[in-house]
Amino acid sequence: MICAGLLALCCALPGFALAAPAPDPAPPINASTADAPAAAEGDVVAISATADTPVPAGVEGVTLASENTAAKIADAPFALDGFSRAQVGSNRDIDGSYSGYCYYAANAAGKLTVVATRSYAVVYVPPAAAAQAGYRVGNASDEAALQRALVALDAPAAKGSALLSPKLTWYFTSDTSYQVGSVIFKFDQEIKAGQFYTSVIAADGSDITVVTNPAYTELTHADFAQLVPSDAVVLAPPPTALSALVSFIS
């Protein structure tokens with residue numbers, strides 16, 4: 001009786017309506033690698049998620065945790081968990097030797113890492129994590145699925161700052177050192193005992209954040225997550241309009 005009365009009350013409220021079924025997801029985008037064309041442009045859309053957060057087009061088939069720390073990808077054996085975004089890093093030295101511009105990653109090696117610049121993004125996929133999660137290193141389909149999940153997680157975390165866009169040129173690597181032009185990206189670097197960083201440095205050892213440097217690169221941010229098997233991430237279903245109202249009243 002209480003539920004029936006509450007439902008009648010809800011229906012009487014102005015503008016209240018039960019949610020309509022979500023449309024079928026669009027086909028996945030093509031892999032965005034160095035040699036592949038940029039993802040198709042489109043308007044901002046809402047992905048299938050526990051929080052209806054607008055994100056750039058091209059990330060259909062991704063479901064986010066309500067707290068935006070995990071993502072599952074339709075038909076993929078892997079998922080992302082423990083997501084975080086580092087808006088800034090810092091220049092660091094080791095024993096008086098310049099280590100580069102660094103982002104703190106974790107207290108242990110093995111974090112999936114994305115370093116974004118104004119024109120491209122470099123994704124580091126730890127080999128051990130890839131093997132455990134069923135991610136196929138170098139596979140275009142898996143790269144495209146991973147890209148969609150990263151774009152979806154990054155969008156609400158940006159809070160008005162630069163987005164991790166599918167329109168960037170994307171590079172994927174499982175090597176702890178990767179070079180794009182005259183810039184070297186180093187991953188899983190234990191700069192201090194028990195502190196692992198991602199560093200970005202010019203090939204000649206100079207600071208790429210100095211605008212007069214020929215290797216100058218405008219870094220925007222870095223993202224970190226754990227690459228895990230899909231069944232390791234359990235997401236609660238999104239709240240219905242009725243349950244949200246009941247929660248609000250109580």
Legend entry - Any residue meeting ring pair (Phe, Tyr, Trp, His ring centres under 6.0 Å) with Tyr104, in chain and number order, not counting sequence neighbours: Tyr197
Inset, instruction - Could I get the full list of salt bridge (charged side-chain N to carboxylate O under 4.0 Å, His left out) partners for Asp154, not counting sequence neighbours? - result: Arg85
Legend entry - With Phe224 via ring pair (Phe, Tyr, Trp, His ring centres under 6.0 Å) - residues at least two apart: none
Legend entry - Ser230 vs Pro77 side-chain heavy atoms within contact, under 4.5 Å: no
Inset, instruction - Carefully, step by step, assess Phe78 and Asp142 under the rule side-chain contact (heavy atoms from CB on, under 4.5 Å). - result: CA-CA 9 Å; Phe78 53 87; Asp142 283 3; 3.7 Å; yes
Inset, instruction - Sequence neighbours left out, what passes side chain to side chain donor-acceptor pair (under 3.5 Å) with Tyr98? Give chain and number order. - result: Asn91, Asp207
Legend entry - Greater than 12 external heavy atoms within 6.0 Å of Asp93's CG: yes
Legend entry - Partners meeting side chain to side chain contact (heavy atoms under 4.5 Å, CB included) with Ala70 (sequence neighbours left out): Ala65, Asp81, Val233, Leu235
Legend entry - Residue pairs fulfilling ring pair (Phe, Tyr, Trp, His ring centres under 6.0 Å) with at least one residue in residues 137-167, sequence neighbours excluded: none
Inset, instruction - Sort out for me which residue in Leu146, Val115, Thr113 forms a side-chain contact (heavy atoms from CB on, under 4.5 Å) with Val123. - result: Leu146
Legend entry - Pairs satisfying salt bridge (Lys or Arg N to Asp or Glu O under 4.0 Å), at least one member in residues 104-128, at least two apart: Arg118-Glu218
Inset, instruction - With sequence neighbours excluded, tell me which residues meet side chain to side chain contact (heavy atoms under 4.5 Å, CB included) with Gln179. - result: Ile184, Ala203
Inset, instruction - Could I get the full list of side chain to side chain contact (heavy atoms under 4.5 Å, CB included) partners for Asp204, not counting sequence neighbours? - result: Ala202, Ser206
Inset, instruction - May I have the step-by-step check of side-chain contact (heavy atoms from CB on, under 4.5 Å) for Leu164 and Val114, ending in yes or no? - result: CA-CA 9 Å; Leu164 185 62; Val114 186; 3.9 Å; yes
Inset, instruction - Would you indicate whether the side-chain heavy atoms of Ser199 and Arg92 approach each other to under 4.5 Å? - result: no
Legend entry - Aromatic ring pairing Phe187/Tyr124, orientation class (parallel under 30°, perpendicular over 60°, tilted between): parallel
Inset, instruction - Check whether any side-chain heavy atom of His221 lies under 4.5 Å from a side-chain heavy atom of Ser161, and answer yes or no. - result: no
Inset, instruction - Name all residues meeting the side chain to side chain contact (heavy atoms under 4.5 Å, CB included) criterion together with Ala225; count only those two or more places apart in sequence or in a different chain, and write none if there are none. - result: Leu80, Phe83
Legend entry - Phe196: hydrophobic cluster co-members (side-chain, 4.5 Å): none
Inset, instruction - Determine whether Tyr171 and Glu143 make a side-chain contact, defined as any pair of heavy atoms from C-beta on separated by less than 4.5 Å. - result: no
Legend entry - Results of salt bridge (charged side-chain N to carboxylate O under 4.0 Å, His left out) for Asp188 - residues two or more places apart only: none
Inset, instruction - Look at the rings of Tyr101 and Tyr103 and say which category their plane angle falls in: under 30° parallel, 30 to 60° tilted, over 60° perpendicular. - result: perpendicular
Legend entry - Atom of Ala71, atom of Ala79 and distance for their closest heavy-atom approach: O-CB, 3.3 Å
